[in-house]
*Asks:* 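Attaching a single structure in C-alpha cells format; questions to follow.
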Amino acid sequence: MLFKKRTHTCGDLRSANLNEKVTLNGWISGKRDLGGLLFIDLRDRYGITQLKIDPDNKACYDTAVKLGQEFVVSASGIVIKRESINKNIPTGEIEILVEELDVLNESEIPPFVIEEEIKATDELRLKYRYLDIRRKSIADNLILRSRVSQIVHRYFEKHNFIEVETPMLMKSTPEGARDYLVPSRVHKGKFYALPQSPQLYKQILMVSGMDRYVQICKCFRDEDLRADRQPEFTQIDFEMSFVTQDDVFEILEGMFGEIWKEIKGVSLPEKFRRMTYDEAINSYGSDKPDLRITGEMKIENISGIAGGSEFKVFQETLNSGGIIAGIKLSGKEVTRKTVDSLTEFVKKHGFGGLGYLKFNAGGNVQSPVAKFLSAEITDNIKNAFSAADGDTVFILSGEKMKVLTALGQMRLKLAEDFKLTDESKYEFLWVTDFPLFHYDHDEKRFFAEHHVFTMPKDEYLKFLDSRDPAEVESIRANCYDLVLNGHEITSGSIRIHKPDIQKKVFDIIGLTDEEAKMKFGFILDAFRYGAPPHGGAAVGYDRVIAILAGLKSITDTIAFPKTLKASSLMDECPGEVSQEQLDELAIQIVKKEA
RNA sequence: GGAGUCGUAGUUCAGUUUGGUUAGAACGCCUGACUGUCACUCAGGAGGUCGCGAGUUCGAGUCUCGUCGAUUCCGCCA
C-alpha cells in the first residue's frame, strides 16, 4: 500500500522550519473539534506535533472529523506559527496547516487512555503492553536501556573484551536456583536447562585463553518472584584471566563511571568505597547497606557498656552468648505512636520488646529501661552513640545475627518513616570478604555461600582442612558484591583454578569425587588442562536500568515483562500444548487429584 | 509453600462496616452545538455476568467457604 512517507518526526519541527512543506506520520493522540477549526495532536515516539485542519479544505476536514484515538495517519502541509504558543511541548511554537490527510489505519477504541498519568492497573497495561509502550515514560525506559547497552558494548570493546554467545540450552546443575527445564525430543526423558547464568561457560572460556569475555545475556531462574525479580532477566556477564579482585573492580568502576557520565551527567568517584561483609553486617545489619541515609545511622554494639547493668534481660542475653546493640535516631521527635509501631516491627522479628533511651533537652532521659541503668551506664550509652539532646537510641538484645538484621531493617524503616534518605545520591559500595561457607544446622552440613568455584582468601586456606563449624565459617572468600543505594547490582568472585583447593572445597560441602565428576565433570576436566587464575562478575542489568530510570520495580525496564506468577498476560504464556507435542517428547501430564 | 491487600460500566473508583427500592461518580465512548484549542467547552445519550463457583438467607455487590487472577511481604532466589 502506498502512503505519503514522513519528512520529519513529530518531535522535529520548530520555528526554524516555518513555511516548509512537510509530511508527518503518527498516531492520533488527541482531537479538539471547535466546530469549525479542528486541532489534532499527532504522536510518535519522538514527540507530539499539532495539526490544524481548516474547514475550508473540505476533503481534509471530512476525513479529520471522523478520526478516532490511535488512528494512524499521514498528514502533509505547511509549518506555520501558532496564534497561541504551547510552552509545555518542544514543538509548541508551530503547527501544521494540513493540506492532505490520509488515514493509514483505523484503531479500535483503546481499553485505556494512553496518557502519562496512567490510570489503568498493571494487569491491563501488561495485557495491552503494545499500547502501554506508546506512553512516553515506558518508551523512554526502553530507549534508556538501549543507550546503556550501547555504552556497555563500546566500553568493553575498548577494554579488549570479546563478546561470546554461550548456549541457552545447557545441562541442569542441581546447585543454586531451580532451573527452567526444556525437554529433549531426540533424547526422550532427558532435559536441557536454561542458564541461571553462563557461569561455567565463561570460566571454560578462560581455560580456552579468551582472556577477557563479556556478554549481555538473558538468564533464567524458576523461583518465586518479587518486584525486582523476573523469571527471565538480564546480566552483564564478564570474566577476566590473570586478575585479582582489584582488576575486576577497576573494570566495573570504569563502566559505571561511563554510564553515569553519559546518562546522568554525573561524575562518579574513580574508586568506589569498600567495606568488608563483617563491617556491613556489624554496622548496618545488612550485606547491602544503603549509605544514602543521613548520618549513616550505624549500629553500635553496647554489650560491654550495658552488660554492667542490673537489667535481667540484658544479663540473660549476654550469658547465652547474645549481644546488646542499638541505633540512634537524630533530632527527630519520637512519639508514643512511633515507639508502638517500632515495637510491633521488632516483635515480628521475634523480639519481646524494644528498649529505647530518649535524651531530652536539659539532660533528662526518658526510657522504660532507665530504672535498670545507672547514670553512668546511661552516660556511656549516650557517648557510644555520640548522642545529643533530642536524639533517641533504640536498643535490642538477643542472638547476634537476629539483633543485627533487625536493627538493619529498623534502620531502613526509620529512614523511610522520617525521610532520612537523600534520593538524589548514588552511593556505590563494594562489599568484600564474604564468608565462603555456612553451616546448616538442620541438614548438618556446610553449604557454599556464593558458588563452589569461589576462591578462599589466602590467609584462610589453612582452615580448608578443618571441620570445626566456627573455623570453617570464619573462612572469607575472594567474593564481592557491588551495592548501589541498598540494592545488590553486581556479584562476583575470583575463582578457584587449582584442583587441590577445589577438591578441598568439595570435601567440605560433602561432595565426593564421584558426585563432583557427575555434576561438574566437564569443567573439572577443562581445568586439568591449564586453567589460568581468573575471576569476574555479573551485573544485574535490569536493576541498574531501574535505578537510572528512578523506578522501584524492574518491570517497566522490560518491554514484555511477566507477572509474579511468571505468566505473560499479553501472549498468555505459559500455555498448554497438543497431545502430539507431548507424545513426541514422551511426556505425560499428571493431573492433580481433586 | 505461607501471610496480607485488591477484583463493581471500556477505564479508575465509591457503595461492602450494619444484607433490603431502579448499583452511582469521573474519565472514555456515541449524538448535537461551537473558528484558536492544547485536560477545549456546553447540551444530551448509551453502557453492569458486581472475577468465577457453591453456601447461608424471604432477600447477597455486601456474610461464609472454595477457586481464578493481579499485587506486597516471608520462605525461596549458590
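Letters go in sequence order (proteins before strands), and every chain restarts at 1.
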*Asks:* If you look at every strand shown and take non-hydrogen atoms under 4.0 Å, does S553(A) touch a base, only sugar-phosphate, or nothing?
*Replies:* nothing
*Asks:* Can you give me every donor-acceptor pair (side chain of residues 499-507 of chain A, partner residue at least two apart or in another chain, under 3.5 Å) with its distance?
*Replies:*
from    : atom 1 : to      : atom 2 : distance (Å)
Q502(A) : NE2    : V452(A) : O      : 3.0
K503(A) : NZ     : D513(A) : OD1    : 3.4

*Asks:* Between Q69(A) and R543(A), who's closer to the 5' end of RNA chain B by nearest nucleotide?
*Replies:* Q69(A)
*Asks:* Protein within reach of the bases, or only the backbone? For nucleotides 30-39 of chain B, mark each nucleotide 5' to 3' as B, S or -, using heavy atoms under 4.0 Å.
*Replies:* ----BBBBB-
*Asks:* Return the pairing partner of U67(B) with a 3.5 Å limit on both distances, Watson-Crick or G-U wobble; otherwise return none.
*Replies:* G51(B)
*Asks:* Could you please name the partner base of G61(B), counting Watson-Crick and G-U wobble pairs only when both distances are under 3.5 Å?
*Replies:* none
*Asks:* Going 5' to 3' through nucleotides 2-13 of chain B, assign each nucleotide B (protein heavy atom under 4.0 Å from a base atom), S (under 4.0 Å only from sugar-phosphate atoms) or - (no protein heavy atom that close).
*Replies:* --------SSS-
*Asks:* Mapping L569(A) and G176(A) onto RNA chain B by nearest heavy atom, which one lands closer to the 5' end?
*Replies:* L569(A)
*Asks:* Could you check D179(A) against Q196(A) for side chain to side chain donor-acceptor pair (under 3.5 Å), going step by step and ending with a plain yes or no?
*Replies:* CA-CA 7 Å; D179(A) 284 321; Q196(A) 296 174 26; 2.6 Å; yes
*Asks:* Taking a pair as Watson-Crick or G-U wobble with both distances under 3.5 Å, which nucleotide is matched to G44(B)?
*Replies:* C30(B)
*Asks:* Counting only Watson-Crick pairs (N1-N3 plus N6-O4 or O6-N4) and G-U wobbles (N1-O2, O6-N3), all under 3.5 Å, who is the partner of C76(B)?
*Replies:* none
*Asks:* Does a distance-only test, which skips hydrogens and angles, find a donor-acceptor pair under 3.5 Å between the side chain of R221(A) and the base of C77(B)?
*Replies:* no
*Asks:* Tell me, which of residues 559-568 of chain A have any heavy atom that sits under 4.0 Å from an atom in RNA chain B?
*Replies:* T563(A), L564(A), K565(A), S567(A)
*Asks:* Which residues pass the side chain to side chain donor-acceptor pair (under 3.5 Å) test with R495(A), sequence neighbours left out?
*Replies:* E239(A), H451(A), S493(A)
*Asks:* Can you label the angle between the H349(A) ring and the F345(A) ring as parallel, tilted or perpendicular, going by 30° and 60°?
*Replies:* tilted
*Asks:* Across all strands, who's sitting opposite A14(B) as a Watson-Crick or G-U wobble pair, both distances under 3.5 Å?
*Replies:* none
*Asks:* What residues form a side chain to side chain contact (heavy atoms under 4.5 Å, CB included) with T555(A), not counting sequence neighbours?
*Replies:* Q230(A), S553(A), P561(A)
*Asks:* Which base sits across from A23(B) as a Watson-Crick or G-U pair, both distances under 3.5 Å?
*Replies:* none
